[in-house]
Amino acid sequence: QVQLVESGGGLVQAGGSLRLSCAASGRAFSSYAVGWFRQAPGKEREFVAAISWSGDRVYYRDSVKGRFTISRENAKNTVYLQMNSPNPEDTAVYYCAAGRTLSTAFQYEYWGRGTQVTVSS
């Protein structure tokens with residue numbers, strides 16, 4: 001079993017920066033791929049970024065490429081999402097998810113409860 005807890009959300013001005021963290025319990029976390037997803041009010045949940053267990057493969061949705069960076073520290077059981085130059089369209093609840101297979105889809109076995117990110121213009 002893996003339990004995930006997101007943190008670091010809050011209110012940020014457009015053009016600022018914010019770093020989200022996804023802390024995991026469970027010794028097997030370092031062998032799991034991790035994805036970040038988000039859901040804005042009235043919209044469907046969507047993929048944001050994903051990273052392989054070793055960190056050698058990463059994927060991003062087009063709209064965040066060049067602005068967001070996903071990384072991980074397996075020794076700390078933590079995955080990060082660095083958000084630079086966010087804009088109001090990035091406002092959403094952000095969720096991290098972990099699973100055996102690296103994917104841009106929702107097929108992760110474990111999900112956190114999310115952290116709210118609000119970007120003001």
Side-chain angles (χ1 to χ4, degrees):
Q1 277 283 7
V2 175
Q3 292 185 328
L4 305 173
V5 178
E6 302 94 338
S7 63
L11 177 64
V12 61
Q13 283 193 328
S17 64
L18 200 65
R19 189 176 79 163
L20 306 184
S21 298
C22 172
S25 63
R27 292 175 292 176
F29 180 72
S30 60
S31 65
Y32 282 83
V34 173
W36 282 98
F37 296 80
R38 66 187 181 187
Q39 187 166 17
K43 295 187 177 181
E44 294 185 351
R45 191 172 298 191
E46 63 185 18
F47 166 76
V48 177
I51 188 167
S52 62
W53 69 271
S54 64
D56 64 339
R57 288 180 292 160
V58 296
Y59 298 112
Y60 298 96
R61 71 178 296 105
D62 287 345
S63 63
V64 308
K65 284 180 181 177
R67 300 188 299 122
F68 292 8
T69 302
I70 189 170
S71 62
R72 66 189 300 160
E73 287 189 76
N74 285 341
K76 295 184 178 181
N77 272 10
T78 304
V79 172
Y80 305 99
L81 184 68
Q82 178 68 42
M83 303 172 61
N84 294 333
S85 300
N87 55 59
E89 290 70 39
D90 296 317
T91 294
V93 177
Y94 283 70
Y95 301 89
C96 67
R100 292 292 185 186
T101 303
L102 178 64
S103 173
T104 61
F106 304 131
Q107 57 190 71
Y108 290 86
E109 290 93 327
Y110 306 103
W111 290 79
R113 293 189 174 185
T115 185
Q116 175 71 47
V117 173
T118 303
V119 184
S120 63
S121 58

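- Taking all atoms of both residues into account, the shortest heavy-atom contact from P88 to S121 is CG-CB, 3.8 Å.
- Heavy-atom minimum distance, N77 versus G26: ND2-O, 3.3 Å.
- Under a cut-off of 6.0 angstrom, the local environment of CD in Q39 is crowded, with over 12 non-hydrogen atoms contributed by other residues, nucleotides or ligands.
- The side-chain heavy atoms of R72 and S54, taken from C-beta on, include no pair separated by under 4.5 Å.
- Taking both residues in full, the closest heavy atoms of K65 and D62 are given as NZ-OD1, 3.1 Å, listed atom of the first, atom of the second, then distance.
- Within the 4.5 Å cutoff, the side chain of D90 has heavy atoms near those of the R67 side chain.
- Within a 6.0 Å sphere centred on CD of Q13, other residues, nucleotides and ligands contribute 12 heavy atoms or fewer.
- In this structure, OG in S21 is found 9.5 Å from CD in Q82, a value given to the nearest 0.5 Å.
- Both L18 and V119 are members of a single hydrophobic cluster when ILVMFWY side chains are connected at heavy-atom separations under 4.5 Å.
- Comment: R38 engages E46 in a salt bridge, judged by a side-chain N to carboxylate O separation of less than 4.0 angstrom.
- Residues W53 and V34 do not share a hydrophobic cluster, defined by chaining ILVMFWY side chains whose heavy atoms lie under 4.5 Å apart.
- Heavy atoms only, all atoms of each residue included: N87 and A14 are closest at CA-CB, 4.4 Å.
- V117 and Y60 fall within a single hydrophobic cluster, where Ile, Leu, Val, Met, Phe, Trp and Tyr are joined by side-chain heavy atoms under 4.5 Å apart, directly or via other members.
- Proximity of M83 to L20: side-chain heavy atoms (C-beta onward) are separated by under 4.5 Å at one or more points.
- In this structure, A49 and L81 approach most closely via the heavy-atom pair CB-CD1, 4.1 Å.
- Between the side chains of S31 and R100, at least one donor-acceptor pair of N or O atoms lies under 3.5 Å.
- Looking only at distances, a side-chain donor or acceptor of S25 sits under 3.5 Å from a matching main-chain atom of Q3.
- Each of Y108 and F29 belongs to its own hydrophobic cluster when Ile, Leu, Val, Met, Phe, Trp and Tyr are linked at side-chain heavy-atom distances under 4.5 angstrom.
- Note: the hydrophobic cluster containing Y32 also contains V58 (ILVMFWY, side chain heavy atoms under 4.5 Å, direct or indirect links).
- For the pair L11 and S120, the tightest heavy-atom approach, listed with the atom from each and the gap, is CD1-CB, 4.2 Å.
- Relative to the six-membered ring of Y95, R45 meets both conditions, a distance below 6.0 Å and an angle of at most 45° to the axis.
- F37 has its ring centre less than 6.0 Å from the ring centre of W111.
- At a threshold of 4.5 Å between non-hydrogen side-chain atoms, the residues W36 and E6 count as touching.
- Put simply, OG on S17 and CZ on F68 are 11.0 Å apart, with the number rounded to the nearest 0.5 Å.
- A distance-only check finds a donor-acceptor pair linking the side chain of S103 to the backbone of A105 [under 3.5 Å].
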